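Please read the structure below before turning to the comments.
Note on naming: letters A, B, ... go to the chains in the order of the sequence lines (proteins, then strands), and numbering restarts at 1 for each one. These figures come from a predicted structure and were not determined experimentally.
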Protein chains: 2
Amino acid sequence: MITSQPECDKVTPLTDTDRTTPAFAPHDHSACEARALDEAADRLAEQGGRMTPVRRRTLEILLESHRAMGAYEVLDRLAAEGFGRQPPVAYRALEFLVEHGLAHRLQRLNAFAACLHPGHDHAPAFLICRACDKLAELPAAPVRAALADLAGETGFAVERVTIEAVGLCPACAENPAGAEA
Amino acid sequence: MITSQPECDKVTPLTDTDRTTPAFAPHDHSACEARALDEAADRLAEQGGRMTPVRRRTLEILLESHRAMGAYEVLDRLAAEGFGRQPPVAYRALEFLVEHGLAHRLQRLNAFAACLHPGHDHAPAFLICRACDKLAELPAAPVRAALADLAGETGFAVERVTIEAVGLCPACAENPAGAEA
DNA sequence: CCTAACCATGTTACATGATAACAAGTCAAC
DNA sequence: GTTGACTTGTTATCATGTAACATGGTTAGG
């Protein structure tokens, strides 16, 4: 059940648009991964958080694919690599990453995914493909604005918003048989 | 931990605007409850579902408050009233209610809440007060539209959307000490 | 250098959330 | 009144998440 290979086709060179482009399209995933790690380091330097071995490894594991992983899936990987094998090990690392904007928690999946552009302070919307389980982040400002309008009328003070869409990514919509595992 | 009293102030008479007004404001909760049950019965009649004792009681329990309840909290109540005391009893009743549009599942809370206007076929947005745990439904069409726009650009076919906001309801924003338990 | 304070890591144990698989009861239609 | 679909109940197990405490490392002040 555990795979450690990146899942992305390594085809097209990295461009600036990758920063805002969803993860469904083929792309140079090792660069995608490396950039996210770099930006994560920058962000931590600003915020004062410490990037320890468990935390770094946890982030790397999440970055291997554009999927969300359960805490126990991450834990198995960490345990296999010599870190602790008890749930709090994984939960603490994941919580740290989420708090510092380096990863996201997917409420619908009870799972976690690496943030793909941690440089920005953002609360994105998520697109979750129900066929291949891949995940994309979208800038959610317009959506949040629409919600804030509605909530404002009621006097409710919105603090955090969860916006998660389930559906089919372009590849899986074309080839429902199983475009990409 | 288990309370069976409705939590709402029983003050103002029911008006048509209650249908679209969030649940944070004081209102005649017994009427609110009764209407939701009526509309639920109507909806089931249309759809062919059977309103059995467990299901009805489960819906009534959810309707007692404008909060979301965990499946085990519901189960405790059901067990105390002579229904089965095993998890599937609660999960099946809750699943039935959700499938028939009579209740909602709150992803952020891993919990369930009665739908307040089951007559409409809707996928609302939720406002969750982090202080008093009360819950309101908002018509989410504008929000979903904004999201569909963004997702459409990427070729992603959105099927279902979760929109849940956490924050402070008007009462708790004014009186952070503990406006209403 | 040393040590106190803080943080990170690890553990045990448990709480909470969810489902698979099977047995038995209910009810409507024929 | 028997068949067949649905509902309810059970046992057992799995998945997810946390509280509480012990240990170890880092670091700033003395």
Which residue lies more 5' along DNA chain D, comparing Pro87(B) with Arg50(B) via nearest heavy atoms =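 The residue closer to the strand's 5' end, by nearest nucleotide, is Arg50(B).
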
Taking only N and O in the side chain of [X], is any of them less than 4.0 Å away from OP1 or OP2 of [N]?
{"X": "Arg105(A)", "N": "dG17(D)", "value": "yes"}
{"X": "Arg55(A)", "N": "dA8(C)", "value": "yes"}
{"X": "Asn110(A)", "N": "dG17(D)", "value": "yes"}

Euclidean distance, atom [atom1] of residue [X] to atom [atom2] of [N] [Å, nearest integer]:
{"X": "Gln107(A)", "N": "dG17(D)", "atom1": "CD", "atom2": "P", "result": "9 Å"}
{"X": "Asp76(B)", "N": "dG17(C)", "atom1": "CG", "atom2": "P", "result": "10 Å"}
{"X": "Glu99(A)", "N": "dA8(C)", "atom1": "CD", "atom2": "C1'", "result": "14 Å"}
{"X": "Leu94(A)", "N": "dT9(C)", "atom1": "CG", "atom2": "P", "result": "12 Å"}
{"X": "Tyr91(A)", "N": "dG10(C)", "atom1": "OH", "atom2": "P", "result": "17 Å"}
{"X": "Gln86(B)", "N": "dA20(C)", "atom1": "CD", "atom2": "C1'", "result": "14 Å"}
{"X": "Tyr72(B)", "N": "dA15(C)", "atom1": "OH", "atom2": "P", "result": "13 Å"}
{"X": "Leu44(B)", "N": "dT7(D)", "atom1": "CG", "atom2": "P", "result": "11 Å"}

Any donor-acceptor N/O pair, Arg160(A) side chain to Val166(B) backbone, under 3.5 Å = no

Using heavy atoms to find the nearest nucleotide of DNA chain C for Pro53(A) and Gly70(B) separately, return the residue whose nucleotide is more 5′.
->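 Looking at DNA chain C, the more 5' nearest nucleotide goes with Pro53(A).
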
Would you say the ring centroid of Phe126(B) lies under 6.0 angstrom from that of His104(B)?
->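 Here the rings of His104(B) and Phe126(B) have centres that are less than 6.0 Å from each other.
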
Glu39(B) with Arg43(B): basic N within carboxylate O range, under 4.0 Å = no

Is Pro139(B) close to Pro124(B) at the side-chain level, that is, under 4.5 Å between some pair of heavy atoms?
-> no

How is Arg92(B) classified with respect to the nucleic acid when contacts are heavy atoms under 4.0 Å: base, sugar-phosphate, or nothing?
->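 Base, at least one base atom sits under 4.0 Å.
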
Would you check, one step at a time, whether the test side-chain contact (heavy atoms from CB on, under 4.5 Å) holds for Leu102(A) with Leu44(A)?
-> CA-CA 9 Å; Leu102(A) 310 182; Leu44(A) 277 193; 3.9 Å; yes

Kindly point out which of dG17(D), dT11(C), dA20(C) is positioned nearest to the side chain of Pro88(B)?
-> dA20(C)

